[in-house]
Amino acid sequence: MPPSTPDSYEAALATLHSYIDYEKRMPELYAPDKMDPERPARLLKRLGAPHEAHPAIHIAGTKGKGSVAAMIAFALRAAGLRVGLYTSPHLVDLRERIRVLSPDDAEGRIDRRAFAAAFAPVHAAAAGMAGITWFELLTAVAFVHFQAEAVDAAVLEVGLGGRLDATNVVAPAVSVITSISFDHMALLGHTLAAIAGEKGGIIKAGVPAASAPQAPEALERLARLAAERAAPLTVVGRDVHVEVLSEQPSRLRLRDGRRPDSALDRLELTVPLVGAHQRENAAVAAVALELARPALPAVSWPALAAGIAETRWPGRFQILREPDAAGPGLVLDGAHNGDSAARLADAVRARYPGARVHLLVAVTQDKQIAAILAPLLPLADTVIATQAAHPRAAAASAVVAAAADLGVAAGTSPDPASGLLALLRVAAPGDLVLVTGSLFLVGDLLNQWERLQSASSSLGD
């Protein structure tokens with residue numbers, strides 16, 4: 001590790017990448033000896049506790065936590081606040097993870113100079129801290145940057161699990177649990193109750209919590225954790241109900257079954273993100289913001305609705321081209337477990353009924369490949385497996401074998417770009433090319449999209 005303090009973005013990045021990175025090399029166990037829950041707090045104490053400088057909204061879950069985080073951040077921005085947004089993973093650039101949204105800036109990613117400036121004290125404070133990880137350092141960089149930018153609130157997405165995550169140092173205004181399903185089972189447990197116990201580890205004593213609809217096993221565990229910690233728990237689908245007003249565009253009304261005079265009963269939302277699951281995510285975001293209002297009184301319901309309607313969140317049913325008479329459509333979605341893939345399949349059927357689908361898929365080694373493929377293969381006329389440029393990427397041959405077990409013959413491509421161009425070559429006007437299975441795959445192609453657009457436009461020449 002370089003002994004000197006990095007003084008540029010490139011040097012800071014090189015130093016950061018010299019630390020343990022469990023995103024590239026998962027720990028054998030999600031356990032305190034691998035991910036010390038006290039170490040992030042010790043690091044932040046050395047930095048003057050920047051995480052305590054503003055109210056926070058903390059979000060865990062298996063699916064939808066990034067979308068919910070984005071909706072909440074855009075709603076707070078619409079209320080006129082400066083909002084720190086910390087999410088993972090990134091798609092194209094690491095700096096996407098640390099953003100400050102403001103009324104004048106809907107992008108707000110940390111610039112290179114600010115990253116280096118925030119990393120320098122973090123790197124110095126971490127000296128001598130055994131076992132400290134890449135993610136713990138990056139989380140501290142986010143808090144230091146948010147304090148320097150004088151944000152009014154921070155919206156924090158858990159990196160992995162919740163109980164032992166580096167973000168779990170905050171005392172939030174509200175804890176949020178999005179949909180829980182099977183993922184990272186080797187680390188988090190092999191039952192929904194066990195996984196919910198890890199995700200629910202962000203629920204704090206006396207702090208209100210909001211939850212998406214959950215399977216009974218997961219909800220029972222969350223409810224028990226909330227009761228033990230005297231944390232009032234509001235569950236979408238149980239306490240607050242969603243009435244769908246229209247599918248396209250997606251509009252919904254909320255009904256609060258607990259209080260007839262609830263402000264939620266007057267709330268109608270337009271959801272720009274595609275899929276029924278995003279309506280659920282919007283409802284969770286709205287409930288979370290209602291629960292956080294004592295700490296964030298500037299949030300009005302008109303601002304909340306306006307912010308959710310303006311939300312942008314790349315890589316989640318991202319439509320790069322609509323199918324039409326001139327050519328095929330192209331959709332990218334980072335569905336990375338069986339439940340996410342099933343919701344993606346439903347969204348494709350709802351938005352593009354009857355369209356021929358050509359599927360490009362890559363997964364990571366820790367995923368249940370068959371569970372991801374099972375809901376998607378019935379949609380597909382053509383399937384190409386590939387491998388994203390990431391240390392945890394599964395070989396394309398593993399995807400091919402899983403598809404064969406499900407009765408489908410898949411081709412392979414040596415890299416994502418070649419696979420995408422091959423599908424665009426065989427797809428007819430009105431067809432849909434669907435890229436999914438991993439956010440790393442989506443990010444890889446988005447990073448190359450400008451070049452690929454030029455290459456794809458010449459296919460018909």
Side-chain angles (χ1 to χ4, degrees), residues 1-27 35-36 39-54 56 66 69 73 82-102 105 107-151 154-160 165-170 314 389-392 439-440 443-444 446-447:
M1 188 180 305
S4 60
T5 299
D7 59 359
S8 70
Y9 175 70
E10 291 75 16
L13 209 57
T15 304
L16 178 65
H17 288 316
S18 71
Y19 287 84
I20 301 167
D21 184 355
Y22 285 140
E23 288 188 9
K24 293 182 178 178
R25 179 175 63 83
M26 283 292 188
M35 305 173 81
D36 180 354
R39 190 167 51 221
R42 294 197 301 271
L43 173 61
L44 290 165
K45 183 177 180 180
R46 293 183 181 186
L47 290 162
H51 60 302
E52 297 176 357
H54 40 68
R82 291 174 59 79
V83 189
L85 177 60
Y86 181 53
T87 59
S88 60
H90 60 277
L91 291 174
V92 176
D93 186 329
L94 177 77
R95 294 179 297 119
E96 296 167 24
R97 297 180 183 228
I98 303 173
R99 300 166 59 188
V100 175
L101 280 61
S102 69
D105 188 354
E107 171 60 31
R109 76 175 64 177
I110 186 171
D111 66 33
R112 291 168 179 258
R113 182 176 299 179
F115 188 98
F119 184 76
V122 171
H123 177 249
M129 296 187 74
I132 196 160
T133 70
W134 181 95
F135 188 75
E136 289 166 357
L137 291 171
L138 189 64
T139 302
V141 169
F143 286 129
V144 169
H145 179 62
F146 294 160
Q147 183 181 44
E149 289 291 310
V151 301
V155 181
L156 310 169
E157 178 189 358
V158 163
L160 174 67
D165 192 76
T167 61
N168 204 24
V169 293
V170 294
H390 191 274
R392 281 174 41 223
L439 278 171
F440 300 126
D444 193 338
L446 285 174
N447 197 36

Taking every non-hydrogen atom, the tightest pair across [X] and [Y]:
X	Y	value
Asp444	Ala389	OD2-N, 3.6 Å
Arg97	Ser88	NH1-CB, 3.3 Å
Pro50	Gln147	CB-OE1, 3.4 Å
Pro121	Val144	CG-CG1, 4.4 Å
Ala140	Leu43	CB-CD2, 3.7 Å

Quick one: are [X] and [Y] in side-chain contact, heavy atoms under 4.5 Å?
X	Y	result
Leu156	Phe146	yes
Pro89	Glu96	no
Leu94	Leu138	yes

Hey, what do you get for [atom1] ([X]) to [atom2] ([Y]), rounding to the nearest 0.5 Å?
X	Y	atom1	atom2	result
Arg82	Glu149	CZ	CD	5.0 Å
Ile98	His90	CD1	NE2	11.0 Å
Ile132	His123	CD1	NE2	10.0 Å
Leu446	Leu439	CG	CG	9.5 Å
Thr167	Phe143	OG1	CZ	7.0 Å
Thr87	Arg99	OG1	CZ	7.0 Å

Between [X] (side chain only) and [Y] (backbone N and O only), is there a donor and an acceptor less than 3.5 Å apart?
X	Y	answer
Tyr86	Ala154	no
Asn447	Val92	no
Glu136	Pro40	no

| request: Might you work through the side chain to side chain contact (heavy atoms under 4.5 Å, CB included) test for Tyr19 and Thr133, ending with a clear yes or no? | output: CA-CA 6 Å; Tyr19 287 84; Thr133 70; over 6 Å; no

Just distance, no hydrogens or angles: give the donor-acceptor pairs under 3.5 Å from side chains in residues 107-120, sequence neighbours left out.
from, atom 1, to, atom 2, distance (Å)
Glu107, OE2, Arg109, NE, 2.9
Glu107, OE2, Arg109, NH2, 3.3
Asp111, OD1, Arg113, N, 3.2
Asp111, OD1, Ala114, N, 2.6
Arg112, NH1, Glu10, OE2, 3.1

| Verdict with supporting geometry, Leu47 and Val122, side chain to side chain contact (heavy atoms under 4.5 Å, CB included) | CA-CA 7 Å; Leu47 290 162; Val122 171; 3.9 Å; yes

| field | Qualifying residues under ring-ring contact (aromatic ring centres under 6.0 Å, His included), relative to His54, sequence neighbours excluded | value | none

| Positive for side-chain contact (heavy atoms from CB on, under 4.5 Å) with Val151, one of Val83, Leu85, Val100 | Val100

| task | Check the pair Thr15, Leu137 against side chain to side chain contact (heavy atoms under 4.5 Å, CB included), reporting the backbone distance first and the verdict last. | result | CA-CA 11 Å; Thr15 304; Leu137 291 171; over 6 Å; no

